[in-house]
Amino acid sequence: MVTIREATAADNEALIALDRQCAMGEAITLAFDRAPDFFARHKAYERWTALVAEAPDGTPVGTGGLALKTVLVGGRPMEVAYLMDLRVHPDWRRRGVAMAIGDAVREKLVEAGPAFAYIMVLRGNEPAMSFVRKRGVYTELGTAVLQVLVAEDSPPLPPGIEVRRLRPDDMDWLAERWAACTGEWSLALPFDAGGLERLMIERLQVPQAERLVVLDEGVPIGAAALWEYSRIMAISFVQLPEAIDRRLSPTIRERISGGTPFRLFYPLPLVWRSLEDLPVILAALLAHLADKQAGDERAATLWVPLDAAGPLVPIVEPKASFAIEIDLFGVAVRDSLPIQGPFFIDPRDI
């Protein structure tokens with residue numbers, strides 16, 4: 001039987017090795033490498049706990065954890081928990097390890113007392129889906145979709161469109177647009193200007209060169225901080241289904257398939273003046289990534305996580321090379337689940 005305890009820095013190498021053994025998905029198979037710091041993903045949150053399932057000989061054979069965060073539900077702030085990083089070594093699956101981790105996480109949830117918790121499961125990740133089904137307490141909330149945009153040589157931007165770095169005097173405007181763009185969505189993050197600045201600089205450590213404003217004739221129409229998630233976790237596609245593979249140009253197919261790691265950027269925050277501006281905002285961000293990757297053999301990709309039933313999918317989907325689906329589940333802790341879509345999909349949760 002395994003012993004469950006809190007993870008420490010001494011577990012770092014063993015957890016990195018464990019994570020490498022846990023490729024996800026079937027139609028789309030992803031492999032991960034979290035060296036040199038397994039806990040770098042956790043540090044994107046202010047409050048988190050990581051647990052380890054330890055075999056009798058002291059070897060970590062599973063892990064799981066949670067992050068506590070404040071989100072909006074019906075326009076009101078509420079503390080919730082995101083359940084993250086459930087991993088069990090393939091040799092230890094179907095032996096009760098995931099259930100033991102889940103029970104320990106549940107105890108942490110009761111201690112912390114969030115209103116509810118939620119979890120995301122990559123479509124086709126049968127071990128995680130089996131865990132969700134067996135627990136019998138999760139409610140399916142919806143589907144998230146990761147629209148994957150690959151930065152390639154593209155036509156010049158329309159006249160008057162340019163990109164510059166975000167400045168301190170942009171922060172009030174950024175906060176106003178953030179509230180206007182996301183404030184009505186469940187699970188949105190209730191950030192003011194100071195909170196957005198702390199998120200970009202302290203939590204995500206986005207360099208100044210990747211905190212951007214898109215202008216049209218000098219007027220801001222959008223902004224994004226491009227968080228390079230591949231610095232947190234190197235990801236590669238072990239297998240791409242034919243439906244996706246045939247949509248890729250030969251150059252891009254060679255650069256992102258067959259286990260080759262790629263550069264992955266999430267836009268957080270991402271704001272727009274109006275939905276009609278979003279296509280040119282995305283084009284400007286991709287042009288920025290294409291310009292900065294000169295000489296780098298790895299493909300630069302922009303991953304935009306969205307509620308599959310939300311208003312942005314019809315706008316973003318035509319620009320995407322392909323999409324990855326993720327199921328979103330919730331579980332009550334103190335109260336019932338008082339949430340409904342559209343949902344804000346936090347890139348840190350993916």
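Below, all heavy atoms of this structure are taken into account, side chains as well, without hydrogens, waters or symmetry copies.
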Peer 1: Between T70 and L189, which heavy-atom pair has the shortest distance, and what is it?
Peer 2: O-CD2, 3.9 Å
Peer 1: Cation-pi between R87 and F32: NZ/CZ under 6.0 Å from ring centre and within 45° of the ring axis?
Peer 2: yes
Peer 1: If you count the non-hydrogen atoms of other residues, nucleotides and ligands that lie under 6.0 Å from CD in E46, is the total more than 12?
Peer 2: no
Peer 1: I'd like to know if R177 pairs up with D172 as an ion pair, taking the criterion as any Lys NZ or Arg NE/NH1/NH2 lying under 4.0 Å from an Asp or Glu carboxylate oxygen.
Peer 2: no
Peer 1: For a side chain to side chain contact (heavy atoms under 4.5 Å, CB included) check, start with the C-alpha distance between M171 and L174, then their side-chain angles and the critical distance, and finish with the verdict.
Peer 2: CA-CA 5 Å; M171 292 307 300; L174 179 65; 3.8 Å; yes
Peer 1: Under a 4.0 Å threshold between the charged nitrogen and the carboxylate oxygen, would D11 count as salt-bridged to R5?
Peer 2: yes
Peer 1: Can a donor-acceptor pair be found, under 3.5 Å and without considering hydrogens, that links the side chain of R211 to the backbone of L166?
Peer 2: no
Peer 1: Measure across D307 and I345 and return the closest heavy-atom pair with its distance rounded to 0.1 Å.
Peer 2: N-CG1, 3.6 Å
Peer 1: Are there more than 12 heavy atoms of other residues, nucleotides or ligands under 6.0 Å from atom CZ of R231?
Peer 2: no
Peer 1: How about Q340: does its CD atom have over 12 heavy atoms from other parts shown lying under 6.0 Å from it?
Peer 2: no
Peer 1: Between the side chains of W303 and T301, is a donor N or O closer than 3.5 angstrom to an acceptor N or O?
Peer 2: yes
Peer 1: Please tell me whether Y45 and D349 have a donor and an acceptor in their side chains that are separated by less than 3.5 angstrom.
Peer 2: yes
Peer 1: Out of F344, Y82, F343, F329, which one pairs with Y118 under the ring-ring contact (aromatic ring centres under 6.0 Å, His included) rule?
Peer 2: Y82
Peer 1: Check V163 against A284 and note the closest heavy-atom contact, atom names and distance.
Peer 2: CG2-CB, 3.6 Å
Peer 1: Is there a chain of hydrophobic side chains (I, L, V, M, F, W, Y, each step under 4.5 Å between heavy atoms) that links F262 to V304?
Peer 2: yes
Peer 1: Please check if the side chain of N12 supplies one atom and the backbone of P36 the other of a donor-acceptor pair under 3.5 Å.
Peer 2: yes
Peer 1: List the atom of Q147, the atom of A323, and the distance in Å for their closest heavy-atom pair.
Peer 2: OE1-CB, 3.7 Å
Peer 1: Would you give the length of the straight line joining atom CG of D192 to atom CD of E176, rounded to the nearest 0.5 angstrom?
Peer 2: 13.5 Å
Peer 1: Under 3.5 Å, side chain of R164 to main-chain N/O of L212, donor-acceptor pair present?
Peer 2: no
Peer 1: Please check: side-chain N/O of S230 versus main-chain N/O of L264, any donor-acceptor pairing under 3.5 Å?
Peer 2: yes
Peer 1: Kindly write out the residues that satisfy ring pair (Phe, Tyr, Trp, His ring centres under 6.0 Å) with W227, not counting sequence neighbours, or none if the list is empty.
Peer 2: Y229
Peer 1: By salt bridge (Lys or Arg N to Asp or Glu O under 4.0 Å), which residues pair with R47, not counting sequence neighbours?
Peer 2: E79
Peer 1: List the atom of C22, the atom of V88, and the distance in Å for their closest heavy-atom pair.
Peer 2: SG-O, 3.5 Å
Peer 1: Quick check: closest heavy atoms across A151 and A290, and the distance to 0.1 Å?
Peer 2: CB-N, 3.9 Å
Peer 1: Examine distances only and state if a side-chain atom of R95 and a backbone atom of D91 form a donor-acceptor pair shorter than 3.5 Å.
Peer 2: yes
